[in-house]
Amino acid sequence: MNRKNIPLLLMLTAGAVTCIITYIKRYPVNVRLVALFAVLVIFYVLGSVLVWTVGYFEKQNEEKRGEEGEVIEKDSENKASGNPEQETAQE
């Protein structure tokens, strides 16, 4: 799923739930609109924070995978070159 749609889906779902609850409880229209607006803003911000957090952790994981890949490549290069001094120094 495309991550840029997460805040929108979260916001619209919360808005739909708010509309249904305020309709069932028979709130006045102006109270419904204020509640809906507040819920939409809050859940959009929460969804944006969630997307940012997931992106941040994914970026960290990619950096770790890249570092592990470099270490594996260096180990295989040292073993392939037959340089025993570097092999024992790394172990």
Side-chain angles (χ1 to χ4, degrees):
M1 184 164 97
N2 196 352
R3 266 191 249 146
K4 71 178 182 178
N5 292 334
I6 290 175
L8 300 175
L9 293 174
L10 187 65
M11 176 184 75
L12 291 175
T13 304
V17 170
T18 303
C19 287
I20 292 168
I21 290 173
T22 56
Y23 181 78
I24 290 173
K25 299 254 184 186
R26 299 185 188 269
Y27 286 11
V29 174
N30 57 351
V31 175
R32 288 183 200 175
L33 291 175
V34 170
L36 178 63
F37 181 72
V39 165
L40 292 176
V41 170
I42 290 169
F43 278 91
Y44 183 78
V45 170
L46 289 175
S48 297
V49 168
L50 177 68
V51 168
W52 179 83
T53 305
V54 169
Y56 178 77
F57 285 123
E58 186 173 306
K59 183 179 175 183
Q60 282 185 339
N61 288 339
E62 287 177 7
E63 289 174 359
K64 286 182 183 179
R65 283 187 212 129
E67 290 173 1
E68 290 175 359
E70 291 175 7
V71 171
I72 292 171
E73 289 175 10
K74 288 180 184 178
D75 287 343
S76 63
E77 288 174 2
N78 290 337
K79 290 179 182 178
S81 65
N83 192 348
E85 293 175 6
Q86 288 181 351
E87 288 178 16
T88 56
Q90 287 180 357
E91 295 174 358

Under the salt bridge (charged side-chain N to carboxylate O under 4.0 Å, His left out) rule, what pairs show up with a residue in residues 39-54, not counting sequence neighbours?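 Residue pairs passing salt bridge (charged side-chain N to carboxylate O under 4.0 Å, His left out), neighbours aside: none found.
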Where at least one partner belongs to residues 51-64, residue pairs that pass salt bridge (charged side-chain N to carboxylate O under 4.0 Å, His left out), sequence neighbours excluded: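 Matches after skipping sequence neighbours: Arg3-Glu58.
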Which side-chain N or O atoms in residues 16-28 pair as donor and acceptor under 3.5 Å with protein atoms at least two apart or in another chain?
from, atom 1, to, atom 2, distance (Å)
Thr18, OG1, Ala14, O, 2.8
Thr22, OG1, Thr18, O, 2.9
Thr22, OG1, Cys19, O, 3.1

So which residues get pulled into [X]'s cluster when ILVMFWY side chains under 4.5 Å apart are joined, directly or through others?
X     : result
Leu33 : Val29
Leu46 : Leu10, Val39, Ile42, Phe43
Tyr44 : Leu8, Met11, Leu12, Leu36, Leu40
Val41 : Phe37

Residues in ring pair (Phe, Tyr, Trp, His ring centres under 6.0 Å) contact with Tyr56, at least two apart in sequence or another chain: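 Testing Tyr56 for ring pair (Phe, Tyr, Trp, His ring centres under 6.0 Å), a comparison that skips the adjacent residues, returns Trp52.
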